[in-house]
Amino acid sequence: MNLHEIEQRIVAQGFFRTLQELDRTDRKDENLIRAIAEAASRRNVLLSQQDLDFLRKLSGTDFFDIQIIACEIIPFLDAAPNEVMNLVHLLVEKGGDDLAANQPNAAFRQWCESDKRRAQEIISSARAGDSLSLRHLVFALESKDDFQEAMRSAEAIGEERTAGVLALSRMALTLAEAEQAVAYILGIAESCEAEGAAALIKAALDIAAKHEDLDRAEFAEAFDRTAESDYPISVHLMANALNMHLNQMCPEEVQRCLEGILKVNPENRGTIQEIDSALRRLWKSNPQQAGQTAANLIARTEGAIGKDELQGFFSATVSGDRKSLATLATSWLLEGNYHVCSTLTSHLSEINRTSPCVDIQPADLPLDPIDQVFLCRKAIGFLFLSPMTAASWIVAVLRAGNPEATREVADLLFDPLLLNYGGALKDWLESINGTDGPETKAISSAIHQANKLLDGFEAAREVVELEPQASQRALVRFQEAEEAARIQEMAREKSIFAQIVTTQSLLYGDQSSFSMKDGEGNRCSQAVHMAEMSVSSELPKGVIFDPVGTEWLLERFRHEQRVIA
């Protein structure tokens, strides 16, 4: 299409409909894009009533397809600023909350950059009170890239101040300009309400992030004031600051933000995601501080914020240094908060493992023997279903060789751990028992006692007279299978989906077969071999022999309070 044909199309069917009819290959033709922009600019008005009516009817993919090509055209338009701003405003407003909705603003910024007079005209109109120009002032200031001009707007009030501050946060400033801008922005933030202050501090952080040598002393004071507020916007600001600017922040800033995020509402999922990302990053540089903050969050919200909400943080603890994970688990168990320890339970699992989830060393233990025993009891109470991990603290205490704690924790190794588990736990204890350490005698004694007692159980439980015959067992299994099939058939008949969906049967095997047509149209058989999948986990014997007594013992360990001298 030549320019004349494009002009005829736009006149006949409108700007947006012309864009909709373009082929995808045509949308990549820069000459065609320029021609459409030139043709649209020659109209008496950039957007006619016909265009507005057509845009109003668009939705979903149809709209965003047109928006994409419109963003390519906007930088080449030669029209009055108010017409271009109106086009951009309509596209952004129509896009709503979609992340792609703001793309026209970037195109408008390019339009301003192509002729600095355009930016100045918008700035002047905005300062004269024009609402449309005020809405687009930030892009004009950003494209002009004039520090003094942006500072003049930042020193104003209302929408112009907002645009000026935002433009400063996006511009490439010198160190001196950045220091001046940060000092001014943080100064006016002191007298603003929570929402306004949060936006101002965010802008100051964005400016400071571009200059490593900038003095950050004022930020600690700003966060100190913000941390006193429990407004959702203030909490989100501190979470976002930690997530985005952790490497540039001084220790005082980090501490203030960590104190502030503890006030988060568990229902504010967006803020919790920011906190999760921040704690994941903090774990790499200061695992102790990150672990303590996570524990405080879990305890304060009584488990409403837990493993599912802090997936990134807990993933980092597993993939990182095992020593840091051991320190984290020890401190959480020693603190003894029920919700924190329960979260730890869901985090550490021994399914398909032949070794503990953590590697506890004597250096990780508290010095007081009373605390060592308390720690072992907590580990058993909360990690009973992960016996090797629970026994790790007992083995560490035995290796430490404190006589006041050794005997009591050795008894705990025998009862309840070895009395309930004879598989992976026993194998792991025997593997570490080959070393010549202070724990050898206690572990050997506990294993020997457990074996002797469990052998007695095996001998006593076989009463042949009470065993049902094989034929009786087979009959019961057959009756149960028939009953299950009958119940399933009745449920299928009553299902409202039975009439509209097909039924497929999944057969067990080691391969899947299907037929397909080759390139010549002949049908041939194909087979896909399937790998074996298995999960192994040992259940405690106490669940069968003494379920009430076992549960009562564990509950006592879980709720036991630490005695602090």
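Below, each value reflects all heavy atoms present in this structure, side chains not excepted, and no hydrogens, waters or symmetry copies.
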Any [X] side-chain heavy atom under 4.5 Å of [Y] side chain:
X: I36; Y: F15; answer: yes
X: L173; Y: K210; answer: no
X: M85; Y: I122; answer: yes
X: E30; Y: F76; answer: yes
X: L186; Y: E221; answer: no
X: F54; Y: Q20; answer: yes
X: L175; Y: L214; answer: yes
X: L325; Y: H347; answer: yes

With the threshold set at 4.0 Å, does a side-chain nitrogen-carboxylate oxygen contact exist between [X] and [Y]?
X: R135; Y: E159; answer: no
X: D51; Y: R43; answer: yes
X: E149; Y: R127; answer: yes
X: D53; Y: K57; answer: no
X: E38; Y: R42; answer: yes

Around [X], counting heavy atoms of other residues, nucleotides and ligands shown, do more than 12 lie under 6.0 Å from its [atom1]?
X: E155; atom1: CD; result: yes
X: M151; atom1: CE; result: yes
X: E212; atom1: CD; result: no
X: R117; atom1: CZ; result: no

Mark yes or no for whether [X], through its side chain, and [Y], through its backbone, hold a donor-acceptor pair below 3.5 Å.
X: S234; Y: D230; answer: no
X: D276; Y: G312; answer: yes
X: K94; Y: F64; answer: no
X: K263; Y: E228; answer: yes

> Where do R170 and F139 land on the side chain to side chain contact (heavy atoms under 4.5 Å, CB included) test, with the steps shown first?
Replying inline: CA-CA 10 Å; R170 297 175 178 177; F139 310 112; 3.7 Å; yes
>> By the side chain to side chain donor-acceptor pair (under 3.5 Å) test, which pairs, at least two apart or in different chains, include something from residues 177-194?
In response: T174-E177
> In terms of the angle between their ring planes, are F108 and W111 parallel, tilted or perpendicular, with boundaries placed at 30° and 60°?
Replying inline: parallel
